[in-house]
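Only one structure is covered here, and it is reproduced in the block below.
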Amino acid sequence: MKFKEIVENVFYCGLNDCERDIFDELIPLEHGTSYNSYLVKGSEKVAIIDTMYPPKTDEYIKNLEENGVEKVDYIIANHGEQDHSGSIPKLLERYPNAVVITNAKCKDNIKEMLLVDEAKIQVVNNNEELSLGDKTLKFILAPGVHWPDTMFTNLIEDNLLFTCDFLGAHYTFDDIFADDSKELEHSAKRYYAEIMMPFRTMCKKYTQMVKDMSPKMVLPSHGPIYKNPSFILDLYTDWTADEGKNLVVFPYVSMYGSTEEMVDYLIKKLSDKGINTVKFDLVRGDLGDLAMALVDATTIVLGSSMVLAGPHPAAYNAAYLAGVLRPKAKVATFVGSYGWGGNLFGKLSEQLASLKLDVIEPLLVKGKMKKEDYEKLDDIAEQISEKHKSLNLQ
Ligand code: FEO
């Protein structure tokens with residue numbers, strides 16, 4: 001595969017992984033992913049920015065050889081996770097004179113996780129520069145998007161910013177440049193929801209920082225290169241905003257239909273009040289879609305049947321997931337149905353406790369709803385509406 005030139009003497013040397021359907025054994029991939037790697041040829045030195053996922057290493061090194069890369073002086077490790085640093089050991093075998101350039105935290109990670117010889121690693125500090133001759137790399141520590149060891153690399157003369165996982169997308173492509181399409185926006189949002197949302201405040205800070213830097217291009221380590229950085233930066237500005245949208249998300253699981261009936265009734269009442277809703281089947285749905293809905297939701301209504309005196313495991317899992325993804329939601333409640341008893345909402349509340357949500361009195365019914373239960377749901381819908389009004393969402 002012939003490398004594509006991004007600007008003069010800067011090449012894309014990464015690979016698509018179209019076959020991969022799940023990431024971290026956790027995140028379903030709709031479009032596979034790419035592991036981006038960049039070759040920067042200065043007048044004196046050659047650098048590679050980020051490397052490759054280990055199973056793709058042989059193909060990656062073969063491509064470097066076929067493109068005539070006989071010398072690599074520096075391997076820039078922007079982040080220690082193996083999808084970007086995993087090829088460093090084999091790359092050092094192929095290019096034994098290369099030195100790994102990274103920050104102190106990432107050095108520890110690649111030493112421990114990849115067994116890279118410490119003598120081959122040179123540590124850089126925030127804003128430190130490295131000359132390649134007519135091109136200069138500047139390193140910007142960016143802990144928290146998404147690991148503590150993350151940094152960005154700025155190619156000063158060309159005004160290119162390599163942002164590692166930040167601003168990326170699990171997306172594959174023929175053209176290395178973003179088409180700014182709705183499909184790409186969808187993938188980038190899904191990626192943000194699953195990977196970056198727990199670090200929303202850091203993402204917000206770095207979004208502004210990148211905006212202030214006004215790079216000519218943003219080059220992440222997954223997904224296409226943004227020739228028009230405002231496409232992704234404007235999306236991140238929206239997703240990382242403190243305020244949610246006029247949206248209620250309903251993750252639910254319903255064994256005999258009673259809980260779903262409660263969910264549907266609330267959705268109808270809220271729709272009548274002009275509030276948008278997303279209904280999410282926790283058994284059949286893709287949790288990535290739930291994570292995406294949580295990017296914008298102001299209220300979460302979790303519905304569950306009682307199973308063995310507690311919440312259904314799918315509801316418990318969803319509550320756990322919401323707790324660790326740390327969405328910006330402000331309000332929550334629960335609805336559910338039981339046959340013979342137990343504690344349905346206590347364990348769900350525990351999982352969401354870290355979000356410090358304003359919890360509306362939940363509704364638990366035995367079997368089917370009765371007349372008074374419909375009235376209680378009317379009251380829940382009214383309370384949600386009032387809270388959204390108080391947040392200026394309606
Ligand atoms: Fe794409 Fe944090 O690795």
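For ligands, and for the atoms within them, numbers begin at 1 and follow the listed sequence.
The 12-atom threshold is exceeded at CZ of Phe177, counting heavy atoms of other residues, nucleotides or ligands nearer than 6.0 Å.
We find that Lys111 and Asp117 are not joined by a salt bridge, their nearest charged nitrogen and carboxylate oxygen being 4.0 Å or further apart. Ion pair Lys389/Glu386 flagged as a salt bridge, since at least one NZ, NE, NH1 or NH2 atom sits closer than 4.0 Å to an Asp/Glu carboxylate oxygen. For the pair Glu361 and Lys376, the salt-bridge criterion is not met [side-chain N within less than 4.0 Å of a carboxylate O].
Residue contacts to atom 1 (Fe) of ligand 1: Asp165 brings an N, O or S atom closer than 2.8 Å. Metal site remark for atom 1 (Fe) of ligand 1: His222 contributes an N, O or S atom at a distance under 2.8 Å. For atom 1 (Fe) of ligand 1, the set of nearby N, O or S atoms under 2.8 Å includes none belonging to Cys164.
If you run salt bridge (Lys or Arg N to Asp or Glu O under 4.0 Å) between Asp238 and each of Lys189, Lys245, Lys204, Arg200, only Lys245 comes through.
His146 contributes NE2 and His79 contributes NE2; the angle these two atoms make at atom 2 (Fe) of ligand 1 is 100°, rounded to 10°.
Atom 1 (Fe) of ligand 1 is closest to atom OD2 of Asp83 (considering only N, O or S atoms). Glu81 contributes atom OE1 as its closest N/O/S atom to atom 2 (Fe) of ligand 1.
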